[in-house]
Amino acid sequence: PAGNIRAVLETSECRAGSPWRVLNVSPKGTEALILADRSLELLDLAQGLVMKIAGQLSNGSFSPDGKWIAALQVRNPDPPKTILIDRTDLAKRRDLGSASNNEMVWSPDSKFLLQTVYRPACPSQNPLALETVDVQTGNRSTIKDSICNCGSSGQIGWIRSDGKR
């Protein structure tokens with residue numbers, strides 16, 4: 001808060017193909033999901049400890065309530081699947097079904113994920129649509145007006161319908 005900067009984790013590895021990338025910081029600001037050596041890992045920001053999250057996972061994101069981590073299971077199976085990981089027990093997981101794109105954004109109430117899905121039949125150069133995933137049931141619903149219309153910028157998110165900020 002005072003603007004001080006300190007190293008959380010240092011490494012002497014500087015080889016190609018092993019970048020460390022911060023994907024998401026937990027709601028409490030105590031942990032970060034990072035991608036290191038093509039693996040999803042959990043970094044304790046106070047202690048500098050790293051814990052690998054088992055499985056071939058990428059694109060992790062904490063739910064706003066801090067109870068879940070959504071990630072994309074890649075390489076096996078094909079197509080990739082959206083996986084919901086219990087934050088209190090990283091071994092407890094739920095399969096939320098296949099995902100054809102890697103972008104996902106939590107709803108502010110932690111009840112839904114918004115994902116882009118590939119639509120090869122689109123006549124435009126933007127063959128994507130938006131899909132919501134109900135975290136409780138796993139049910140997916142395509143947002144009809146987004147089909148072939150949501151662009152390809154990789155920038156998706158939620159907006160409030162009541163006009164409040």
Side-chain angles (χ1 to χ4, degrees), residues 8-9 18-120 126-147 149-161:
V8 175
L9 186 64
S18 65
W20 289 67
R21 211 176 81 194
V22 176
L23 301 174
N24 192 246
V25 176
S26 68
K28 291 183 181 178
T30 57
E31 301 172 306
L33 287 167
I34 62 173
L35 195 59
D37 281 330
R38 297 182 179 97
S39 295
L40 189 62
E41 299 183 2
L42 195 59
L43 170 62
D44 181 314
L45 295 172
Q47 304 295 318
L49 301 173
V50 177
M51 179 186 347
K52 185 174 182 172
I53 300 175
Q56 295 178 325
L57 304 170
S58 70
N59 295 23
S61 178
F62 286 100
S63 62
D65 63 10
K67 294 179 182 179
W68 302 101
I69 296 171
L72 197 64
Q73 184 176 337
V74 293
R75 295 190 192 108
N76 187 16
D78 189 26
K81 290 185 177 187
T82 304
I83 304 295
L84 199 61
I85 304 167
D86 185 321
R87 179 55 203 98
T88 59
D89 181 353
L90 298 176
K92 287 185 180 177
R93 299 172 183 206
R94 286 190 24 230
D95 181 344
L96 292 179
S98 66
S100 58
N101 202 310
N102 59 9
E103 196 171 1
M104 65 183 104
V105 179
W106 283 96
S107 63
D109 62 6
S110 300
K111 292 181 180 181
F112 295 92
L113 284 168
L114 182 66
Q115 293 185 299
T116 54
V117 291
Y118 182 64
R119 299 285 181 181
N126 301 318
L128 298 175
L130 295 173
E131 185 174 79
T132 58
V133 182
D134 184 315
V135 174
Q136 196 69 19
T137 65
N139 290 338
R140 293 174 175 268
S141 178
T142 300
I143 298 172
K144 183 179 175 186
D145 290 341
S146 74
I147 298 172
N149 245 348
C150 74
S152 61
S153 68
Q155 302 279 328
I156 63 171
W158 294 87
I159 59 171
R160 292 180 66 131
S161 62

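Keep in mind that this is a model prediction, so the values were computed, not measured.
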Qualifying residues under salt bridge (Lys or Arg N to Asp or Glu O under 4.0 Å), relative to Asp95, sequence neighbours excluded = Lys81

Run the numbers on Leu57 and Arg93 for side-chain contact (heavy atoms from CB on, under 4.5 Å), then give the verdict.
-> CA-CA 12 Å; Leu57 304 170; Arg93 299 172 183 206; 3.6 Å; yes

Could you list the residues that satisfy side chain to side chain donor-acceptor pair (under 3.5 Å) with Ser63, not counting sequence neighbours?
-> Asp65

4.5 Å side-chain heavy-atom contact, Leu113 and Trp106 | yes

Distance from Lys28 atom NZ to Leu45 atom CG, nearest 0.5 Å?
-> 13.5 Å

In this structure, CE of Met104 is separated from CG of Leu96 (nearest 0.5 Å) by 9.0 Å

Would you say the side chain of Val135 lies within less than 4.5 Å of the side chain of Leu84, judging by non-hydrogen atoms?
-> yes

Hey, what do you get for CG (Leu72) to OG1 (Thr82), rounding to the nearest 0.5 Å?
-> 5.5 Å

With Leu23, which of Leu35, Ile69, Ile34 fulfils side chain to side chain contact (heavy atoms under 4.5 Å, CB included)?
-> Leu35

Considering all heavy atoms of both residues, which atom of Thr88 and which atom of Asp86 are nearest to each other, and what is their separation?
-> OG1-OD1, 2.6 Å

Taking all non-hydrogen atoms of both residues, which atom of Leu40 and which atom of Ala71 are closest, and how far apart?
-> CD2-CB, 3.9 Å

Donor + acceptor pair across side chains of Ser141, Glu131 (<3.5 Å) = no

Heavy-atom pair with the smallest gap, counting every atom of Arg87 and Leu42 = NH2-CD2, 3.2 Å

List for me each residue that meets side chain to side chain donor-acceptor pair (under 3.5 Å) alongside Glu41, sequence neighbours excluded, and say none if there are none.
-> none

Under 3.5 Å, is there a donor-acceptor pair linking the side chains of Gln115 and Arg140?
-> yes

Take Leu49 and Glu31 through the test side-chain contact (heavy atoms from CB on, under 4.5 Å) and record every step on the way to the result.
-> CA-CA 10 Å; Leu49 301 173; Glu31 301 172 306; over 6 Å; no

Quick one: CD1 on Ile85 to CD1 on Ile53, what's the gap to the nearest 0.5 Å?
-> 5.0 Å

Any chance you could measure Phe112, atom CZ, to Gln136, atom CD, to the nearest 0.5 Å?
-> 10.0 Å

Separation between CG (Asp44) and OG1 (Thr30), nearest 0.5 Å, reads 7.0 Å

Evaluate the side-chain proximity of Lys67 to Phe62: yes if any heavy-atom separation is below 4.5 Å, no if none is.
-> no

Are side-chain heavy atoms of Pro64 and Pro27 found at a separation under 4.5 Å?
-> no

